[in-house]
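Worksheet: the structure to be examined is printed underneath.
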Amino acid sequence: MAKWLVKTEPEVFSIADLKRERATSWGGVRNYQARNFLRAMKVGEEVLIYHSNTEPPAVVGVAAVKRAAYPDPEQFDRHSEYFDGKSTQENPRWFSPDLMFVKEFPTPVELARLKAERKLKAMPLLQRGSRLSVMPVTADEFKYILRLAGA
DNA sequence: GCCAACGTTGGC
DNA sequence: GCCAACGTTGGC
């Protein structure tokens, strides 16, 4: 089973929102590399939730894949900011899985902390200039981050 | 198909 | 608010 990490801006959608809603469609991703990772997610796989563009940026908890990726309906909605005129029902471009809340860390693992860990230095999240919003995490990295969270 | 211009991301 | 990094767009 693969492990994953997804970024979200807490001002837009936070882990507290996910906790309250129990599950959500992880939509609006409009980057091909990230899209490919979303499509590779399988039901039951675990996903680290990362808060970006906030102070401090941090891994804040865990979700799980509830439903494998399906075409993101917003790409067909002319009034959505995620509308894509080049997508068709027959040939959708963008996909979103459903993610469900698993747990929120009592203590978030801050970006500065992740950066200080040699074992995590290969994570795309920590690469200079990486803007990838969905990425795979190795089993070791996943375990290690849970340990840093005291979870 | 190249590549400059532009927009976005996201840490700081 | 700044700006580096990167992806996308569009003229040619």
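Below, chain A is the first sequence line, B the second, and so on; all start at residue 1. This one's a predicted model, so the numbers in the text were calculated from it and none came from an experiment.
- Following rounding to the nearest Å, Arg131(A) (CZ) and dA5(C) (P) show an atom-to-atom distance of 12 Å.
- Taking CD1 of Ile145(A) as the reference point, atom CG of Asp140(A) lies at 11.0 Å (rounded to 0.5 Å).
- Listed pair Lys7(A) / dT9(B) fails the phosphate criterion, with no side-chain N or O lying under 4.0 Å from OP1 or OP2.
- A straight line from CG of Leu114(A) to P of dG10(B) spans 15 Å, rounded to a whole angstrom.
- When all heavy atoms are compared, the tightest approach of Val62(A) to Phe142(A) is CG1-CZ, 4.2 Å.
- Following rounding to the nearest Å, Glu55(A) (CD) and dG11(B) (P) show an atom-to-atom distance of 9 Å.
- Protein atom CZ of Arg30(A) is 18 Å distant from nucleotide atom P of dG7(C), rounded to whole Å.
- A pairwise comparison of heavy atoms in Ala40(A) and Glu45(A) identifies O-OE1, 4.1 Å as the closest pair.
- Nearest nucleotide to the Tyr32(A) side chain, out of dT8(C), dG7(C), dG11(B): dT8(C).
- The distance between atom CG of Asn31(A) and atom C1' of dC6(C), rounded to the nearest whole Å, is 10 Å.
- The separation between Leu126(A) atom CG and dG10(B) atom P is 13 Å, rounded to whole Å.
- Here the CZ-OH distance, from Phe37(A) to Tyr32(A), works out to 16.0 Å after rounding to the nearest 0.5 Å.
- Checking Arg113(A), Lys121(A), Lys119(A) one by one against Glu117(A), the side chain to side chain donor-acceptor pair (under 3.5 Å) holds for a single residue, Arg113(A).
- Note on the helix from dG1(B)-dC12(C) to dC12(B)-dG1(C): angle between the axes of the first and last five pairs equals 10°, rounded to 10 degrees.
- Rounded to whole Å, the distance from CG on Leu125(A) to C1' on dA5(C) is 15 Å.
- Both Leu132(A) and Ile49(A) belong to a common hydrophobic cluster when Ile, Leu, Val, Met, Phe, Trp and Tyr are linked at side-chain heavy-atom distances under 4.5 angstrom.
- In the set dA4(C), dG10(B), dC12(B), dC12(B) carries the atom at the smallest distance from any side-chain atom of Lys115(A).
- Listed pair Arg128(A) / dA5(C) meets the phosphate criterion, a side-chain N or O lying under 4.0 Å from OP1 or OP2.
- Note: CZ (Arg35(A)) to C1' (dT8(C)) measures 15 Å, nearest angstrom.
- Around atom NZ of Lys66(A), no more than 12 heavy atoms belonging to other residues, nucleotides or ligands sit under 6.0 Å away.
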